[in-house]
J.: 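Before I ask anything, here is the structure I am working with.
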Amino acid sequence: MHPFDLISVDSIQDAVKAQSSSPTAQQGASVRYIAGGTNLIDYMKLNVETPAKLVDINGLNLTAIEPAANGGLKIGALARNTDVAYHDTVKTQFPVLSLAILSGASTQLRNMATTAGNLLQKTRCVYYRDTAYGCNKRQPGTGCSAIGGHNRIMAILGTSDKCIASNPSDQNVALAALDATIHVTGAKGEHTIPIAQFYLLPGNTPERETVLEPGDLVTHITIPALPSGAKSYYLKLRDRTSYEFALASAAVVIKQSGGRIDFVRVAMGGVGTVPWRSHEAEKALQGKVATPANFRTAAEAALHGARPQSQNGFKVELAKRCLTHALAEVTRQA
Amino acid sequence: MAEHTDDASKPLTSLEKLSRRSFLSRAGAMGVATAAATVAPVVASAEPERPQPSGDPAAMPEIPGTIPITLKVNGETHQLRIDPRATVLDTLRETLHLTGTKKGCDHGQCGACTVHVDGRRANSCLLLAAMHQKAEITTIEGLGTPEKMHPMQAAFVEHDGYQCGYCTSGQIMSAVAMLHEPWGDADTDVKEALSGNICRCGAYPNIVAAVQSVRRHA
Ligand SMILES: Cc1cc2nc3c(=O)[nH]c(=O)nc-3n(C[C@H](O)[C@H](O)[C@H](O)COP(=O)(O)OP(=O)(O)OC[C@H]3O[C@@H](n4cnc5c(N)ncnc54)[C@H](O)[C@@H]3O)c2cc1C
Ligand code: SF4
Ligand code: FES
Ligand code: FES
């Protein structure tokens with residue numbers, strides 16, 4: 001691990017000021033916020049992250065989980081994943097988020113991991129993790145070792161010929177289906193970013209993963225209320241029953257009335273380079289009756305643009321079945 | 001270099017190869033007196049006294065780049081100087097000599113390093129010690145002693161919840177934390193709750209039995 005200075009801050013302004021001196025908030029940042037540390041310390045040990053300064057933000061008062069305007073929910077950047085997952089409002093109003101968080105990592109990790117840290121966790125691409133290999137995301141211009149390499153766990157949606165790494169988070173898939181908003185304080189003050197605009201497709205610049213600029217501190221997220229009677233669910237498929245990243249996952253929110261689906265949101269995990277909201281699947285379901293055939297049509301629509309690699313072709317069918325099962329489960333509850 | 005003395009050209013036994021003393025005695029026999037003289041003090045301190053971790057930090061040698069910290073472990077407050085990069089795991093094991101907490105993967109993937117931080121379990125390999133100075137850290141040494149074991153420790157002995165024992169302290173720390181976490185009663189709940197603790201020996205059935213025996217009597 002490279003040496004670094006560790007400072008701790010007790011105001012948002014001090015935090016923002018400290019990180020603003022980094023030339024970037026993306027890969028290669030020289031100053032990093034540290035929250036739970038469960039992602040950053042891992043990558044610092046691997047020399048994938050080499051910040052010269054760490055800004056410990058755990059002294060900031062950003063842990064609250066509280067009601068927001070119009071029946072929504074506000075979750076502080078430093079709220080621990082465990083506390084979010086077991087929060088009464090989350091369990092009853094937004095079960096998809098609780099299920100998604102509890103399906104990720106282990107209790108030990110979730111006890112430390114924070115909402116913002118989870119939002120910004122890095123890919124688990126094996127070549128990104130190993131500095132012996134070329135990787136455009138870690139070091140732009142060095143090539144993508146996963147294309148034509150070990151790519152079984154990589155993405156099939158949103159890839160480019162520069163990078164095919166998947167976003168590893170479960171929480172983020174639920175937040176995409178819940179249409180969350182990310183609240184940021186930066187060098188130029190406060191601003192909000194809808195989650196649909198927060199993550200960037202790899203394109204030609206896979207080292208840029210989000211729209212965050214130097215200094216930008218995530219302070220909290222908000223989740224708008226769901227229509228009353230809406231149900232939500234998260235299904236995650238992986239190589240073992242627990243403590244493993246998703247090969248495919250689906251976050252679904254549905255409300256039916258008069259036997260038809262009149263509100264629907266679908267997001268997928270394990271298959272996208274970013275948490276993958278599927279408007280195609282939503283369009284296929286809107287106004288339809290909840291039947292296996294309609295679910296299958298929606299799943300076909302969601303995976304229509306899939307571009308599998310040499311080893312992950314199985315993900316196309318796996319993701320379709322994952323979404324079909326999730327839709328069957330959520331409509332069975334309704 | 002053909003005229004080695006008989007003594008020096010004899011092949012080294014593997015033990016001799018490992019011993020710095022034997023290297024020096026051979027070097028000495030070859031007449032490299034100056035080298036021996038400069039290296040000798042190092043040899044004298046090759047088996048250093050155990051550091052006294054809880055001493056006065058002012059009296060501690062100032063190793064460049066180290067920072068003074070306070071760490072509260074098992075109810076005791078320690079004043080230490082550490083590298084800012086030191087994890088709680090390395091500080092426990094290398095500085096405080098509390099070696100009950102194990103290092104498996106060092107990346108959050110195995111659970112061998114599980115400790116309690118303010119009553120909640122965490123992987124100590126992913127915690128910077130300097131960031132947890134206010135926390136109450138509990139390790140397996142703080143849970144019980146061989147004479148007075150925690151009921152979970154006794155249950156692991158009773159149910160043979162291990163083979164090599166390397167994962168055991170982490171398993172027990174997780175199991176004790178699980179007692180006050182919101183899990184159901186089933187064996188599958190124990191398996192899920194302890195999924196962050198890998199057992200390379202596969203002692204899982206006995207681990208589940210041990211944890212369930214404590215939960216049923218709690
Ligand atoms: C073995 C293992 C298995 C895992 N399995 C899963 C899984 O199955 N599913 C899953 O979803 N996750 C999984 N995880 C990942 C885990 O969820 C993340 O490590 C965790 O959520 C990161 O949160 P943190 O607070 O520890 O982040 P940190 O490590 O503290 O930070 C991560 C990044 O976020 C930045 N950051 C943190 N807070 C802020 C802020 N307020 N504003 C701006 N930037 C900020 C940091 O600078 C850093 O770049 C796993 C991790 C491990 C080690
Ligand atoms: S997939 Fe992306 S992260 Fe993985 S090696 Fe290629 S460029 Fe790097
Ligand atoms: S050593 Fe910490 S989880 Fe493996
Ligand atoms: S007893 Fe050997 S690793 Fe678990």
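Letters A, B, ... mirror the listed sequences (proteins, then strands); counts begin at 1.
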J.: Using modelled atom types and a 3.5 Å cut-off, is there a donor and acceptor pairing between side-chain atoms of B:R85 and backbone atoms of A:M1?
T.: yes

J.: Rounded at 0.5 Å granularity, tell me how far OG1 in A:T107 sits from CE in B:M178.
T.: 8.5 Å

J.: Looking at every non-hydrogen atom in both residues, tell me the closest pair between A:L6 and B:A130 and how far apart they are.
T.: CD2-CB, 3.5 Å

J.: Quick check on B:D83 against chain A: is it the side chain, the backbone, both or neither that has a heavy atom closer than 4.5 Å?
T.: neither

J.: Taking side chain as everything from C-beta outward and backbone as N, CA, C, O, which of these in B:E181 sits under 4.5 Å from a heavy atom of chain A? Side chain, backbone, both or neither.
T.: side chain

J.: Considering residues, nucleotides and ligands other than B:Y166, do more than 12 of their heavy atoms fall under 6.0 Å from its OH?
T.: yes

J.: Check whether B:I67 gets within reach of chain A through its side chain, its backbone, both or neither, counting any heavy atom under 4.5 Å.
T.: neither

J.: Is there side-chain contact between B:L194 and A:Y243, with at least one heavy-atom pair below 4.5 Å?
T.: no

J.: Does anything in residues 34-46 of chain A reach chain B? List residues with heavy atoms under 4.5 Å apart, or say none.
T.: A:I34, A:A35, A:G36, A:G37, A:T38, A:I41, A:D42, A:K45, A:L46

J.: For A:H325, does the NE2 atom sit with more than 12 other heavy atoms under 6.0 Å from it, leaving out its own atoms?
T.: no

J.: For the interface with chain A, which of B:I198, B:N197, B:T87, B:D106 has the highest count of heavy-atom pairs at distances below 4.5 Å?
T.: B:D106

J.: Tell me the residues of residues 77-91 of chain A whose non-hydrogen atoms fall below 4.5 Å from those of chain B, in number order.
T.: A:R80, A:T82, A:D83, A:Y86

J.: Hey, does A:R129 have a side-chain heavy atom less than 4.5 Å from the side chain of B:H107?
T.: yes

J.: If you count the non-hydrogen atoms of other residues, nucleotides and ligands that lie under 6.0 Å from CD in B:Q109, is the total more than 12?
T.: yes

J.: For chain B, find which of A:S106, A:A105, A:P3, A:S8 contributes the most heavy-atom pairs closer than 4.5 angstrom.
T.: A:P3

J.: Around atom NE2 of B:H150, are there more than 12 heavy atoms from other residues, nucleotides or ligands closer than 6.0 Å?
T.: yes

J.: Hey, which of A:L102, A:L54, A:L109, A:T241 has the most heavy atom pairs under 4.5 Å with chain B?
T.: A:L109

J.: Side chain, backbone, both or neither: which part of A:M112 has a non-hydrogen atom closer than 4.5 Å to chain B?
T.: side chain

J.: Testing B:V117, B:N123, B:L126 one by one against A:Q108 for a side chain to side chain contact (heavy atoms under 4.5 Å, CB included), which residue passes?
T.: B:N123

J.: Is it the backbone or the side chain of B:A177 that comes under 4.5 Å from a heavy atom of chain A, or both, or neither?
T.: neither

J.: Where on A:N111 is there a heavy atom nearer than 4.5 Å to chain B: the side chain, the backbone, both, or neither?
T.: both

J.: Is B:V115 in contact with chain A via its backbone, its side chain, both, or neither, using a 4.5 Å heavy-atom distance?
T.: neither

J.: Count the heavy atoms of every other residue, nucleotide or ligand shown that sit under 6.0 Å from NE2 of B:H180, and state whether that count exceeds 12.
T.: yes

